[in-house]
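All chains are named by letter (A, B, ...) in the order of the sequence lines, taking the proteins before the strands, and each is independently numbered beginning at 1.
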Number of protein chains: 2
Amino acid sequence: MKLSQRGEYALRAVLVLGMNHGSGVVRIRDIAQQQNIPRRFLEQILNDLKSAGFVLSKRGVAGGYRLQRGPNEISLADIIRHLEGPLAPVGCVSVNYYQRCSCPDEGACAIRSVMQEVRDAIVGVLEGVSVAHLCDRVRDLQGPLENPLDYII
Amino acid sequence: MKLSQRGEYALRAVLVLGMNHGSGVVRIRDIAQQQNIPRRFLEQILNDLKSAGFVLSKRGVAGGYRLQRGPNEISLADIIRHLEGPLAPVGCVSVNYYQRCSCPDEGACAIRSVMQEVRDAIVGVLEGVSVAHLCDRVRDLQGPLENPLDYII
DNA sequence: ACGATACTTGACTAAACAGGTCGAGATTCT
DNA sequence: AGAATCTCGACCTGTTTAGTCAAGTATCGT
């Protein structure tokens with residue numbers, strides 16, 4: 001039931017972009033430094049997020065990345081699904097990536113019915129949290145003390 | 001967020017043992033056949049479940065496996081935790097297998113707070129379902145039509 | 001006591017995946 | 001032109017997954 005390192009980095013990166021939404025692009029290097037992510041690895045990940053349409057990039061001297069859609073239009077479920085595949089713990093309860101399993105009768109499978117609930121629970125949380133929500137949480141958690149330019153995400 | 005094949009097989013096997021609880025032991029071969037699980041692989045898994053104290057075995061001609069504790073004393077969470085490790089999607093929100101992550105400030109990490117919720121959701125379901133519950137579901141799902149000896153789990 | 005039946009133990013393997021790293025190229029700004 | 005930045009694909013190493021297999025040990029019926 002694990003999120004891969006790759007997936008976690010992606011979320012952290014998107015969150016940084018969310019926090020900087022509206023103020024131009026952010027360089028890979030800055031994200032990597034701030035979030036403690038290996039730069040080369042992050043390049044790969046951002047590239048992937050780009051081809052999936054989550055972010056846009058700008059090349060050249062003042063280049064960097066920004067979100068393509070608004071932070072409130074991207075849910076964590078969207079991002080994780082794209083990077084990790086199904087959210088469901090087993091293929092036979094996945095809505096987006098359904099796959100039949102080897103059990104004798106799927107319709108009457110008790111394990112399946114439990115996993116269905118697990119899936120719904122996971123999706124319920126992840127679908128309900130957008131990048132914008134995440135940014136709100138950052139601000140809540142950091143409290144009123146900081147100056148606005150220096151978030152520790 | 002995946003359950004491994006191994007984990008799924010383990011649940012199916014335990015469920016079979018749950019259904020037969022009280023009526024002696026069940027042979028590996030029968031479980032394998034009924035549940036469509038590679039026999040050799042299942043041997044390994046049952047052995048693992050045995051050393052973890054979930055099941056007992058009996059050798060020899062009339063040998064097989066049975067549950068060690070009552071079906072209502074074993075939750076799915078227990079089983080999955082033993083086979084797959086943490087239920088939490090990231091180590092930094094795991095209660096039983098906590099592991100610090102690389103983010104700058106764990107206490108103020110917004111992603112962590114979401115993952116916390118995901119963890120709670122997953123654990124909530126899985127901790128609430130025992131093998132006995134699972135057996136009940138089997139009986140519910142199969143409906144009143146079958147004769148008692150011929151469950152399709 | 002013997003043989004058939006089952007579990008037991010540990011080694012082995014092929015393929016996939018995770019988590020990165022690297023070099024060379026293409027763009028853009030100054 | 002030159003520096004900064006993203007881009008693209010190849011590459012690498014270690015671990016995990018999903019099994020398979022052989023030889024061993026215990027138990028039961030006869």
Side-chain angles (χ1 to χ4, degrees), chain A residues 1-13 16-17 24-33 35-68 80 83-86 89-91 99 101-102, chain B residues 1-13 16-17 20 24-33 35-52 54-68 80 83-86 89-91 99 101-102:
Chain A
M1 324 286 256
K2 268 293 209 196
L3 186 66
S4 69
Q5 205 60 1
R6 191 187 175 80
E8 192 189 321
Y9 289 160
L11 293 184
R12 305 233 295 262
V16 173
L17 298 183
V25 298
V26 185
R27 289 184 303 176
I28 289 185
R29 180 184 317 175
D30 293 335
I31 304 176
Q33 245 163 42
Q35 289 296 310
N36 220 349
I37 300 172
R39 209 192 73 200
R40 293 296 213 153
F41 195 24
L42 182 57
E43 285 180 11
Q44 225 184 83
I45 295 168
L46 283 169
N47 222 298
D48 188 357
L49 289 173
K50 181 190 169 190
S51 45
F54 292 113
V55 303
L56 282 181
S57 66
K58 197 181 157 196
R59 279 155 104 137
V61 170
Y65 283 90
R66 66 178 183 81
L67 294 182
Q68 170 152 22
I80 295 177
L83 271 94
E84 314 265 304
V90 293
Q99 222 173 350
C101 84
S102 64
Chain B
M1 324 289 257
K2 267 288 204 202
L3 186 66
S4 68
Q5 205 61 359
R6 189 188 176 79
E8 193 190 321
Y9 289 159
L11 293 183
R12 303 230 297 261
V16 173
L17 299 182
N20 288 81
V25 298
V26 185
R27 288 184 303 177
I28 290 184
R29 181 184 314 174
D30 293 335
I31 304 176
Q33 244 163 44
Q35 289 298 310
N36 219 351
I37 301 173
R39 210 193 69 197
R40 298 297 212 151
F41 195 23
L42 182 58
E43 285 181 12
Q44 222 184 85
I45 295 168
L46 283 170
N47 222 298
D48 189 358
L49 289 173
K50 182 191 167 186
S51 47
F54 291 113
V55 303
L56 282 181
S57 66
K58 197 181 155 195
R59 281 155 104 139
V61 169
Y65 285 89
R66 65 177 182 83
L67 293 184
Q68 170 152 26
I80 295 177
L83 271 94
E84 315 266 304
V90 294
Q99 224 174 347
C101 85
S102 64

Under-3.5 Å donor-acceptor pair between R6(B) side chain and dG19(D) base
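Counting by modelled atom types and ignoring angles, no donor-acceptor contact under 3.5 Å is found here.
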At less than 3.5 Å, do the side-chain atoms of Q44(A) and the base atoms of dT21(C) form a donor-acceptor pair?
yes
When you measure from the side-chain N and O atoms of [X] to the phosphate of [N], is any distance below 4.0 Å, counting only OP1 and OP2?
{"X": "S57(A)", "N": "dT7(D)", "result": "yes"}
{"X": "R29(A)", "N": "dT5(D)", "result": "yes"}
{"X": "Y9(B)", "N": "dA18(D)", "result": "no"}
{"X": "K2(B)", "N": "dT17(D)", "result": "no"}
{"X": "K50(B)", "N": "dT8(C)", "result": "yes"}

Euclidean distance, atom [atom1] of residue [X] to atom [atom2] of [N] [Å, nearest integer]:
{"X": "R39(B)", "N": "dC21(D)", "atom1": "CZ", "atom2": "C1'", "answer": "11 Å"}
{"X": "R12(B)", "N": "dA18(D)", "atom1": "CZ", "atom2": "C1'", "answer": "14 Å"}
{"X": "I28(A)", "N": "dC22(C)", "atom1": "CD1", "atom2": "C1'", "answer": "14 Å"}
{"X": "L83(A)", "N": "dA18(C)", "atom1": "CG", "atom2": "C1'", "answer": "13 Å"}
{"X": "L3(B)", "N": "dT17(D)", "atom1": "CG", "atom2": "P", "answer": "11 Å"}
{"X": "D30(B)", "N": "dT5(C)", "atom1": "CG", "atom2": "P", "answer": "14 Å"}
{"X": "L42(B)", "N": "dT20(D)", "atom1": "CG", "atom2": "P", "answer": "11 Å"}
{"X": "R66(A)", "N": "dT5(D)", "atom1": "CZ", "atom2": "P", "answer": "18 Å"}

Using a cut-off of 4.0 Å on non-hydrogen atoms, how would the nucleic acid contact of [X] be classed: base, sugar-phosphate, or nothing?
{"X": "G60(B)", "value": "base"}
{"X": "R27(B)", "value": "sugar-phosphate"}
{"X": "L46(A)", "value": "nothing"}

What's the separation between atom [atom1] in [X] and atom [atom2] in [Y], rounded to the nearest 0.5 Å?
{"X": "R6(A)", "Y": "L42(A)", "atom1": "CZ", "atom2": "CG", "value": "10.5 Å"}
{"X": "D30(B)", "Y": "R39(B)", "atom1": "CG", "atom2": "CZ", "value": "11.0 Å"}
{"X": "I80(A)", "Y": "E8(A)", "atom1": "CD1", "atom2": "CD", "value": "10.0 Å"}

Do you know the tightest heavy-atom contact between L83(B) and A10(B)?
CD2-CB, 3.7 Å
Could you report the tightest heavy-atom contact between G24(B) and R66(B), atom names first, then the distance?
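What the structure gives for the nearest pair is O-CB, 4.0 Å.
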Side chain of [X]: nearest nucleotide among [options]?
{"X": "F41(A)", "options": "dG19(D), dG20(C), dT8(C)", "result": "dG20(C)"}
{"X": "P38(A)", "options": "dG19(D), dC7(C), dG20(C)", "result": "dG20(C)"}
{"X": "Q5(B)", "options": "dG20(C), dA18(D), dT7(D)", "result": "dA18(D)"}
{"X": "N47(A)", "options": "dA26(D), dT7(D), dA18(D)", "result": "dT7(D)"}
{"X": "E43(A)", "options": "dT7(D), dG19(D), dT8(C)", "result": "dT7(D)"}

Looking at I28(B), V16(B), N20(B), V25(B), which hits side-chain contact (heavy atoms from CB on, under 4.5 Å) with Y65(B)?
I28(B)
Residue closer to the 5' end of DNA chain C, K58(A) versus R40(A) (nearest nucleotide)
R40(A)
Taking the nucleotide of DNA chain D with the closest heavy atom to each, which residue, V61(B) or E84(B), is nearer the 5' end?
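Per heavy-atom nearest nucleotide, the more 5' residue is E84(B).
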